[in-house]
Novice: 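Got a structure for you, questions after.
The figures here come from the full heavy-atom set of this structure, side chains too, leaving out hydrogens, waters and symmetry mates. Below, chains carry the letters A, B, ... as their sequence lines are ordered, and counting in each starts from 1.
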2 protein chains.
Amino acid sequence: MDTQLKIDIGKSAKILKVLGDKTRLTMLKLIEEQTCCVCEFVEIFQMSQPSISQHVRKLRDVDLIKEERKGQWVFYSLNHNSEWYEFLLPILEQLPNQQDKIEELEKKGTRITCC
Amino acid sequence: MDTQLKIDIGKSAKILKVLGDKTRLTMLKLIEEQTCCVCEFVEIFQMSQPSISQHVRKLRDVDLIKEERKGQWVFYSLNHNSEWYEFLLPILEQLPNQQDKIEELEKKGTRITCC
DNA sequence: TGAATATATAAGTAAATTGTTATATAGTTA
DNA sequence: TAACTATATAACAATTTACTTATATATTCA
C-alpha cells in the first residue's frame with residue numbers, strides 16, 4: 001500500500017506540465033523564499049505584464065500559489081496548504097537558488113517592499 | 001553554495017515538460033520496476049503504435065530512458081546513468097504504483113517476457 | 001527468400017500553448 | 001473626482017504538441 005492517498009497520476013502530469021515552463025518554474029523557486037508581486041516579475045523576466053499575469057494565473061489555477069493583495073499590489077507566494085505542496089517541494093529543492101534576481105532588483109531599487 | 005552543480009533551471013523545465021503528460025509519466029513509473037517494450041505500451045495505453053513510439057522518443061531524446069533490443073522487440077527502462085536520474089527519482093517516488101497494468105497484461109497473456 | 005511482426009519516422013491536421021495588443025478593473029493619490 | 005499605477009482579461013497570431021495515416025526499416029520464421 002502506498003503511503004500517499006488519492007494522488008492521481010493524471011493530475012500529477014497536469015501539475016508537472018504547469019511546472020514545465022522556465023518562467024513559471026523560476027517564479028516558484030523565487031517565491032519559495034519570499035513573496036513577489038507582478039511588477040517585480042515583469043522586471044525580473046523582462047516580459048510584458050499580461051504575459052506574466054497569464055503565467056501567474058496558471059500557477060494559481062492549480063493552487064500552487066496564493067495571492068495576497070496589499071494596497072495596489074498583489075503579492076504571490078507558495079501555497080503551503082496546497083494539496084500539491086509536498087509533491088512540489090522535492091522538485092524545488094533540486095533547483096538552483098534564484099535569489100540573485102531579487103538582489104538585482106534591490107540594487108536597481110525596483111524591489112517592492114510594501115507595508 | 002548549492003550541493004548540485006550545473007543543474008540549469010531551463011533544462012529542468014524542459015525535463016518537467018516531458019514529464020507533464022499522463023502517458024509519458026505513467027510509462028516512466030511503469031519502467032521504474034521492469035522493462036517494457038513498445039507493443040506492451042500499445043496494449044496498456046490503448047493508443048496507436050506510432051503515437052506510443054513518439055512518446056517514447058521524447059523520453060529518449062532527453063535521455064531519461066534507455067533502450068535494449070532483444071530480438072524483434074525493443075525494451076525500454078529507466079536510464080539510471082542519466083544526468084537527470086536523481087532529479088526524476090523523488091518525483092516518481094510520489095506517484096502511485098502502476099504495476100496493476102503489468103498484471104493485467106499477464107492475465108491477458110500479452111506480456112512479453114523474452115530471453 | 002518471402003511473409004509476418006515490431007518499431008520508427010514522415011507528413012498532415014486539430015488542438016493547445018504562449019506570446020502580443022487592447023481594454024477593463026481595482027486601488028492610490030493629488 | 002480625475003489622473004495614475006498595478007493587475008487581469010479578452011481577442012488574436014504564431015508556434016508547439018499530440019494525434020492520425022502511410023510508409024520505411026529491422027528482425028524472425030517458414
Novice: Using the test salt bridge (charged side-chain N to carboxylate O under 4.0 Å, His left out), find all partners of B:Arg60 that sit at least two apart in sequence or belong to another chain.
Specialist: B:Glu67
Novice: Using whole Å, what does the distance between atom P of nucleotide D:dA6 and atom CZ of A:Phe41 come to?
Specialist: 15 Å
Novice: Mind running side-chain contact (heavy atoms from CB on, under 4.5 Å) on B:Phe41 and B:Ile31 for me, showing each step along the way?
Specialist: CA-CA 10 Å; B:Phe41 285 143; B:Ile31 63 176; 3.8 Å; yes
Novice: With heavy atoms under 4.0 Å as the rule, sort A:Lys17 into base, sugar-phosphate or nothing.
Specialist: sugar-phosphate
Novice: Partners of A:Asp61 by side-chain contact (heavy atoms from CB on, under 4.5 Å), sequence neighbours excluded?
Specialist: A:Arg57
Novice: Check for a donor-acceptor pair, side chain of B:Gln72 on one end and backbone N or O of B:Lys70 on the other, with a separation under 3.5 Å.
Specialist: no
Novice: Can you check the A:Met47 CE to C:dT21 P distance for me, whole Å?
Specialist: 13 Å
Novice: Roughly how many Å is it from CD1 in A:Ile52 to P in C:dT18, rounded to a whole number?
Specialist: 13 Å
Novice: Within the side chain of B:Gln94, is there an N or O that forms a donor-acceptor pair under 3.5 Å with the backbone of B:Pro90?
Specialist: yes
Novice: What are the atom names and distances for every N/O pair under 3.5 Å that joins the protein to nucleotides 2-10 of chain C?
Specialist:
| from | atom 1 | to | atom 2 | distance (Å) |
| --- | --- | --- | --- | --- |
| C:dT7 | OP1 | B:Val38 | N | 3.4 |
| C:dT7 | OP1 | B:Val74 | N | 3.2 |
| C:dT7 | OP2 | B:Cys39 | N | 2.6 |
| C:dA8 | OP1 | B:Tyr76 | OH | 2.4 |
| C:dA8 | OP2 | B:Ser53 | OG | 3.0 |
| C:dA8 | N7 | B:Gln49 | NE2 | 2.6 |
| C:dA8 | N6 | B:Gln49 | OE1 | 3.0 |
| C:dT9 | OP2 | B:Arg57 | NE | 3.0 |
| C:dA10 | N6 | B:Gln54 | NE2 | 3.3 |

Novice: Nearest whole angstrom, please: distance from the P of D:dT17 to the CG of B:Asp61.
Specialist: 12 Å
Novice: To the nearest angstrom, how far is B:Lys22 atom NZ from D:dC19 atom P?
Specialist: 12 Å
Novice: Is A:Lys29 paired with A:Glu32 through a side-chain N to carboxylate O contact shorter than 4.0 Å?
Specialist: yes
Novice: Would you say B:His55 reaches D:dC19's phosphate, i.e. side-chain N/O to OP1/OP2 under 4.0 Å?
Specialist: yes
Novice: Please work out if B:Lys58 contacts a base, only the sugar-phosphate, or nothing of the nucleic acid, heavy-atom cut-off 4.0 Å.
Specialist: sugar-phosphate
